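What you are looking at is a predicted structure, and each value in this text was computed from that prediction instead of being measured. For the numbers below, each heavy atom of this structure counts, side chains included, while hydrogens, waters and symmetry mates do not.
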2 protein chains.
Amino acid sequence: MSNIKGRGHCQTCQIRHLSIFAQLPVNRLAEIQGFQPSVVTYAVDETVYHQGDVSATAFTLRKGLVKLIKTLPNGRTQIVRVLRTGDLFGFDGFAGESYNHTAIPLSDIEVCRLPLGELMELKKQNPEIENTMMRRWIQHLREAEDMMLELGAKKAAERLASFLIRWCENSNGGWSPLPLSRGEIGELLGLTIETVSRFLSDWKRQGFINEQRGSIQIEDIAGLRKAACSSGSC
Amino acid sequence: MSNIKGRGHCQTCQIRHLSIFAQLPVNRLAEIQGFQPSVVTYAVDETVYHQGDVSATAFTLRKGLVKLIKTLPNGRTQIVRVLRTGDLFGFDGFAGESYNHTAIPLSDIEVCRLPLGELMELKKQNPEIENTMMRRWIQHLREAEDMMLELGAKKAAERLASFLIRWCENSNGGWSPLPLSRGEIGELLGLTIETVSRFLSDWKRQGFINEQRGSIQIEDIAGLRKAACSSGSC
DNA sequence: CGGGATCTTGAGCTCAATCAATAAACGTGG
DNA sequence: CCACGTTTATTGATTGAGCTCAAGATCCCG
């Protein structure tokens, strides 16, 4: 089960600079008395919330990775986003809606529970928060649009290659942890396990990539880039 | 070319109840002196803005329909959203970004130009606007997630059928204008012209749908629903 | 070391893309 | 209003990318 680890201490929070409170002056935080969100841990595969549940709290991811998935009645599922440290999620209640997807940890995680009522109040009183949230929503929307292009207009190899390039873009040349199974990569890109596996094996043989214990490394980005644009002039 | 039709008169605007200013009391509008956005018209296929352009103005759609598209270097394109009356678009500048997609009218349209600087100011002074925009961003994000599920997890027939059902859901049983070509429906759903045409013809023959001069009607929604869930238990 | 999960690889098949040829709809000017 | 050309849609034939099914291989954990 999920576990309440304690109360958050926003003023000393290690990841505040990544959160929606990043722009908030520290002294302002001190003024906010009542606000001490609980920090909660979840184990892998322990659902944080389910699609359809009433959304009364949002979360900030403090540690680990989370996948947001949508599932069809027949069981086929789509990962709509992979969250990283500092990401805000579960805010559908702000629009009077229930959660539109299910949130599942990809590793053991630690989140900060933000009751929407309190968050709304904070947001009203601190334009910096409002602003940061707005920027993030716009950013998410842009990423969602990018993903629609991937899913709607690209072929299997192109999707997988550009996914790998994106995934590894901040660890240039080095190893990146890849805590997603073949199946999950497939659910993210609209492909089957087998298709993902085939291309990855292929690219390993060709020396484009390297893999080891849940980590991946791009060895020949030019080769991958070429695979990302199979038919011609990208 | 695009045409400046004149200055908007927000207080008497016919579509204000659909816009981001819907929640704003009319008397508040009267107090806002400087704000008189220009109303501009564009003809079909005349681009409102291009992916990559600096985003300094947002728009509210007053009349007609707009498609937002993303294009791959090789020419394949994806429609990421179809806008309706009252929709706000082109706000990437709020996040310091340039436009992430290209906006093209599907019919002759009329838009309200909203310089982001002025809009930002208005938003600061009127929490109702802020709030409405937030709700819309969340709503868009939800729709984008829904679309990712369509594109990533459904087959051709399922995508097309559920698109038709969604498109017609507000005109129950009656005719709905469908100003999208086969090609555009394909670009929206990640399919080719031929695939779209084949299923539509098929469903016309089966009496599920009816079509006439750019309008469509669902005659047998149960039949379509079945097509929307080809493999089993949805 | 054993056994469940995950990954790989092969073979065959199916759905949708591609290629190609009409057919229908539309707009334009006579 | 009709003839003409252009665009858009339909339909068929064929191909091929990616799915499905199946059998091993590898990894991982107790």
Side-chain angles (χ1 to χ4, degrees), chain A residues 43-45 72 74-78 106-108 150-161 163-164 178-206 209-216 227-232, chain B residues 43-45 67 72 74-78 106-108 150-161 163-164 177-206 209-216 227-232:
Chain A
V44 187
D45 285 345
L72 247 28
N74 63 23
R76 278 179 275 170
T77 93
Q78 178 69 24
L106 287 169
S107 58
D108 290 355
E150 295 288 319
L151 293 171
K154 288 190 179 176
K155 309 201 216 230
E158 299 166 346
R159 283 181 229 172
L160 186 56
F163 160 73
L164 290 178
L178 182 67
L180 294 168
S181 69
R182 300 294 189 258
E184 284 166 332
I185 297 172
E187 285 172 358
L188 183 64
L189 303 178
L191 304 171
T192 57
I193 289 188
E194 295 94 330
T195 302
V196 173
S197 180
R198 264 182 252 275
F199 282 112
L200 290 181
S201 300
D202 199 14
W203 294 339
K204 274 190 251 180
R205 267 178 238 119
Q206 296 201 41
I209 57 172
N210 223 322
E211 205 185 16
Q212 212 173 91
R213 321 185 123 267
S215 278
I216 197 163
C229 316
S230 54
S231 55
Chain B
V44 186
D45 286 343
K67 63 176 174 181
L72 247 27
N74 62 23
R76 279 178 273 169
T77 93
Q78 177 70 24
L106 288 170
S107 58
D108 290 356
E150 296 288 319
L151 293 171
K154 288 190 179 177
K155 309 201 215 225
E158 300 166 346
R159 282 182 230 173
L160 186 55
F163 161 73
L164 290 177
L178 182 68
L180 295 168
S181 69
R182 299 295 189 258
E184 284 166 330
I185 296 172
E187 285 173 356
L188 184 64
L189 303 177
L191 304 171
T192 58
I193 289 189
E194 295 94 327
T195 302
V196 173
S197 179
R198 263 182 251 276
F199 282 113
L200 289 181
S201 301
D202 198 14
W203 294 340
K204 274 190 248 178
R205 268 177 236 120
Q206 297 200 42
I209 58 172
N210 223 323
E211 205 187 15
Q212 210 172 93
R213 323 185 120 265
S215 278
I216 198 163
C229 317
S230 55
S231 56

| Hey, does B:Leu164 have a side-chain heavy atom less than 4.5 Å from the side chain of B:Ile216? | yes
| request: Return the set of residues passing side chain to side chain contact (heavy atoms under 4.5 Å, CB included) with A:Ser181 (not counting sequence neighbours), or none when no residue passes. | output: A:Glu184
| task | Could you state the atom-to-atom distance from CG of B:Asp202 to C1' of C:dA16 in whole Å? | result | 14 Å
Could you write out each protein N or O paired with an N or O of nucleotides 23-30 of chain D at a distance under 3.5 Å?
none

| What closest approach, in Å, do A:Ala156 and A:Phe199 show between heavy atoms, and which atom pair accounts for it? | CB-CE1, 3.8 Å
| Rounded distance (nearest 0.5 Å) linking atom NZ of B:Lys67 with atom OG of B:Ser107 | 11.5 Å
| field | Axial bend angle, the helix from C:dT8-D:dA23 to C:dG30-D:dC1: five-pair end segments, nearest 10° | value | 50°
| remark: In this structure, CZ of B:Arg198 is separated from CD1 of B:Ile193 (nearest 0.5 Å) by 11.5 Å
| remark: Here the gap from A:Thr195 atom OG1 to A:Arg159 atom CZ, rounded to the nearest 0.5 Å, amounts to 9.5 Å
| query | How does protein contact run along nucleotides 17-22 of chain D, one letter per nucleotide 5' to 3', with B for base contact, S for sugar-phosphate only, - for none, heavy atoms under 4.0 Å? | reply | -SSBB-
| request: May I have the distance from B:Asn74 (atom CG) to C:dT18 (atom P), rounded to whole angstrom? | output: 11 Å
| task | Enter the distance from B:Ile185:CD1 to B:Leu160:CG here, rounded to the nearest 0.5 Å. | result | 6.5 Å
| task | Look only at the side chain of B:Arg76 and the backbone of A:Ala153, and say whether a donor-acceptor pair between them is shorter than 3.5 Å. | result | yes
| task | Report the residues that fulfil side chain to side chain donor-acceptor pair (under 3.5 Å) with A:Asn210, sequence neighbours left out, ordered by chain and then residue number. | result | A:Glu219
| Do A:Val44 and A:Leu106 pass the side chain to side chain contact (heavy atoms under 4.5 Å, CB included) test, and can you show the C-alpha distance, the side-chain angles, and the key distance before you say yes or no? | CA-CA 6 Å; A:Val44 187; A:Leu106 287 169; over 6 Å; no
| field | Shortest non-hydrogen contact from A:Gln78 toward A:Leu188 | value | NE2-O, 3.1 Å
Protein-nucleotides 3-7 of chain C N/O pairs closer than 3.5 Å?
{"from": "C:dC7", "atom 1": "OP1", "to": "A:Arg182", "atom 2": "N", "distance (Å)": "3.4"}
{"from": "C:dC7", "atom 1": "OP2", "to": "A:Arg182", "atom 2": "N", "distance (Å)": "3.3"}

| field | Side chains of B:Leu189 and B:Glu150 in contact at under 4.5 Å (non-hydrogen atoms) | value | no
| In Å, rounded to the nearest 0.5 Å, how long is the span from CG of A:Leu191 to CG of A:Leu151? | 8.5 Å
